[in-house]
Amino acid sequence: MSGHPHTAPRHDDFLGHPKGVYVCFFTEMWERFSFYGMKALLLLYLTKYHLFGDKAGLDLLGAYGGLVYCIPVIGGVLADRWLGMRKAVTFGGVLLVLGHVGMAFEGHAATLQAGSVVRDEAALRVMYLSLALIIMGVGFLKPNISTIVGKLYPANDPRRDSGFSLFYAGINLGALFASLVCGYIGEAWGWKYGFGAAGIGMLAGLMMFLWGQRYLHGHAEPADPAALCQRVAGIPREWLIYALAVLGVLPVAWLMWAAANGAFALGGEVSLALLLMLVVLGVVLVWFAWFTGTRCMPVERQQMLALMALIFMALVFFTLYEQTYGSWVTFTDRLLTKDIIPTLVVRDGTPWPWSTLSLLLAPLTFFVAARMSDRTPTSRAPRVLFLAVSALIIVLLVRDCVALPQTAGSLTYLGAFFLVALAPLFSALWGWLDRRGLDPSKPVKSALGLLLAGLSFIPLALAAAQVGVTGTQASVWWLVLAYLILETGEMCLSPVGLSAVTQLAVPRVVSLMMGTWFLATAFSETLAALLGKLAAIDIPQGETLDLAMAATKYAHLFWLLMWIGTGCAVAALLAAPKLRRMMHGVK
């Protein structure tokens, strides 16, 4: 395969997009399945199985979530400079599989002896190491898979935004299956089965990526293969990068231990992991100032600054969005009913999630449909097969959504559910507006996303007020409405942001800027945790929750976040015309 990428031929399309986009779609679907499967279980696993306190559990979850998005800055640089995206994604995938295998080792449950907790320290050490392997693996995989999607479209191809919307649906399909499969199996059948399911998913994703190389048309190859063979300190550069990454797993594992045990935290709040993120942010900002000041033409400089503004909007948006894994979960747990349609829920025994079947069907169908389409490009059979199986998957999904007994944790599937449902509608909407010359600019779409994120807190604030008045749990449908508004906002902001990185960044630093996009997400995880603590409620031993007090606390937090979201949206809308001019014609 040549080191020089070229534009994919049009006959390589499937359902109107390059086949390579679907390869990235399924690789990312499995990677997100494993990530969100872990996220759905980790806090519950720490508090229920290893008997950690809420604060220690949240600190570990925050450090893990933050570093997962922080390390891609480094992975992006290594892929840009030397490795190329194929090698980076493959190496990251191998580390992820190893990490998930380690998570399936649960050891003995913690016990209370003479009033103190006795934990299986060996099992915990395996867990810290496994989390570190996952963090490092995501660092190599995540920034590069998004960049490949951008490269599969020719410059100014109008399908690019809808292609990213499609790719984004893959991310959310993974998240949707993760809540319903890992989140449910881990609690109902045993932690190791939940974590194990996430690991099997990652292995499938890696196999999918390796099989689909032919559809990436050389876009993922190293820029300079000779540089990878050069010896540095007597070792070929490629192997040196792999060796240093594996060694880097140990300090990251130590950071996980420090977060869980509250060691070395500044003022009891700022963990070592957050300090590391602040250092990385400082380095990135200094580099950005130097690069835009000395290495860019005036037009490139303005485009890079416009991109930084879009990244800042994303940071605010995701700080609001991450409440869905924090304050929204505890609010749902304490103050809302759980089952969407109570009469349809299966109450006998432990029902099995049918979505496990969908997870295997989806990539398998693409594999068969792509081969059929390769052999006879004009045949309609691959389309029909793919769409028929997609319909079956929707049926299986809907069954799980209404028939499985839901918990506050498994209800996080609502976010992904709405994103997958809205993706085709938005894809069609942007195309329809574009044909009429009415497609809003990227800054306007991002401002709309912020506005909707702010408004999504209103239904929950109203639900909290209702609980305060009636003293009984409010309906889960308030949560459904909040998710619908929030996800409409995400469809405006997020795919547009990913697409803007690949268009506005100076080509030689595109993976690094993709890493910066994820660094903003890392900070939003930590900021979300700090904001969520404003509604932290301690229930003393042997006492029940004071519903009125809890409702007041949550209502206060939700109104505050509503004002933050709408305030930033107004500022972003006012700045939009200026930002559009700075983008110099990039659609």
Side-chain angles (χ1 to χ4, degrees), residues 7-22 24-25 146 148-173 215 217 299 303 306-307 309-310 313-314 317 369 373 377-378 380 382-384 386-387 390-391 418-452 484-485 487-505 569 572-573 575-587:
T7 303
R10 248 341 217 277
H11 68 254
D12 188 54
D13 283 4
F14 181 69
L15 298 179
H17 288 279
K19 284 182 187 148
V21 172
Y22 295 91
C24 296
F25 173 102
S146 308
I148 295 172
V149 175
K151 290 197 170 188
L152 289 167
Y153 294 96
N156 276 336
D157 187 326
R159 302 175 301 162
R160 180 190 294 261
D161 269 11
S162 63
F164 269 100
S165 293
L166 182 76
F167 173 66
Y168 214 67
I171 294 179
N172 291 293
L173 204 57
Y215 299 120
H217 304 288
V299 168
Q303 288 183 324
L307 175 57
L310 290 172
M313 289 187 213
F317 177 87
S373 149
T378 52
R380 294 191 51 189
R383 283 184 71 129
V384 174
F386 194 70
L387 295 171
S390 302
F418 280 123
L419 272 179
V420 174
L422 292 169
L425 297 176
F426 269 84
S427 201
L429 174 69
W430 298 142
W432 184 82
L433 288 171
D434 188 50
R435 285 191 297 279
R436 282 157 184 73
L438 298 171
D439 195 13
S441 66
K442 284 184 166 67
V444 171
K445 286 180 183 172
S446 297
L448 278 174
L450 279 175
L451 178 65
L452 288 160
L484 174 60
I485 300 169
E487 299 310 351
T488 309
E490 187 171 356
M491 280 319 296
C492 293
L493 177 134
S494 213
V496 170
L498 285 173
S499 169
V501 175
T502 62
Q503 288 174 286
L504 290 171
L573 267 175
K578 169 88 173 142
L579 288 174
R580 206 187 82 216
R581 287 194 297 277
M582 289 169 69
M583 286 162 62
H584 292 280
V586 167
K587 285 279 181 283

Set of residues satisfying side-chain contact (heavy atoms from CB on, under 4.5 Å) with respect to [X], sequence neighbours excluded:
| X | value |
| --- | --- |
| V299 | Q303, H584 |
| R383 | L15 |
| A309 | L579 |

Rounded at 0.5 Å granularity, tell me how far [atom1] in [X] sits from [atom2] in [Y].
| X | Y | atom1 | atom2 | result |
| --- | --- | --- | --- | --- |
| S446 | L451 | OG | CG | 12.5 Å |
| Q503 | N156 | CD | CG | 7.0 Å |
| M582 | L307 | CE | CG | 10.5 Å |
| L484 | L422 | CG | CG | 6.5 Å |
| L425 | M491 | CG | CE | 9.0 Å |

Tell me the closest heavy-atom pair linking [X] and [Y], and the distance in Å.
| X | Y | value |
| --- | --- | --- |
| G163 | V21 | O-CG1, 4.2 Å |
| V444 | A576 | CG2-CB, 3.8 Å |
| M313 | L450 | O-CD2, 3.7 Å |

task: Determine which pairs satisfy salt bridge (Lys or Arg N to Asp or Glu O under 4.0 Å) with at least one residue from residues 426-438, sequence neighbours left out, and list them in order.
output: none

message: Could you tell me if the side chain of D439 sits less than 4.5 Å from the side chain of K445, heavy atoms only?
response: yes

query: Can you check whether P443 reaches M583 side chain to side chain, under 4.5 Å on heavy atoms?
result: yes

task: Dump the intermediate steps for side-chain contact (heavy atoms from CB on, under 4.5 Å) on L310 and L504, then the final yes or no.
output: CA-CA 10 Å; L310 290 172; L504 290 171; 4.1 Å; yes

message: I'd like to know whether F386 forms a side-chain contact (heavy atoms from CB on, under 4.5 Å) with F14, so could you lay out the CA-CA distance, the side-chain angles of the two residues, the decisive distance to 0.1 Å, and finally the verdict.
response: CA-CA 10 Å; F386 194 70; F14 181 69; 3.9 Å; yes

task: Identify, with sequence neighbours excluded, every residue that meets side-chain hydrogen bond (donor to acceptor under 3.5 Å, both in side chains) alongside R160.
output: T502

- prompt: Between R159 and G16, is there a donor-acceptor pair closer than 3.5 Å when you use the side chain of the first and the backbone of the second?
  reply: yes

task: Only counting residues at least two apart or in another chain, list the ones meeting ring-ring contact (aromatic ring centres under 6.0 Å, His included) with F426.
output: W430

- request: Could you walk me through whether L152 and Y215 pass side-chain contact (heavy atoms from CB on, under 4.5 Å), step by step?
  value: CA-CA 9 Å; L152 289 167; Y215 299 120; over 6 Å; no

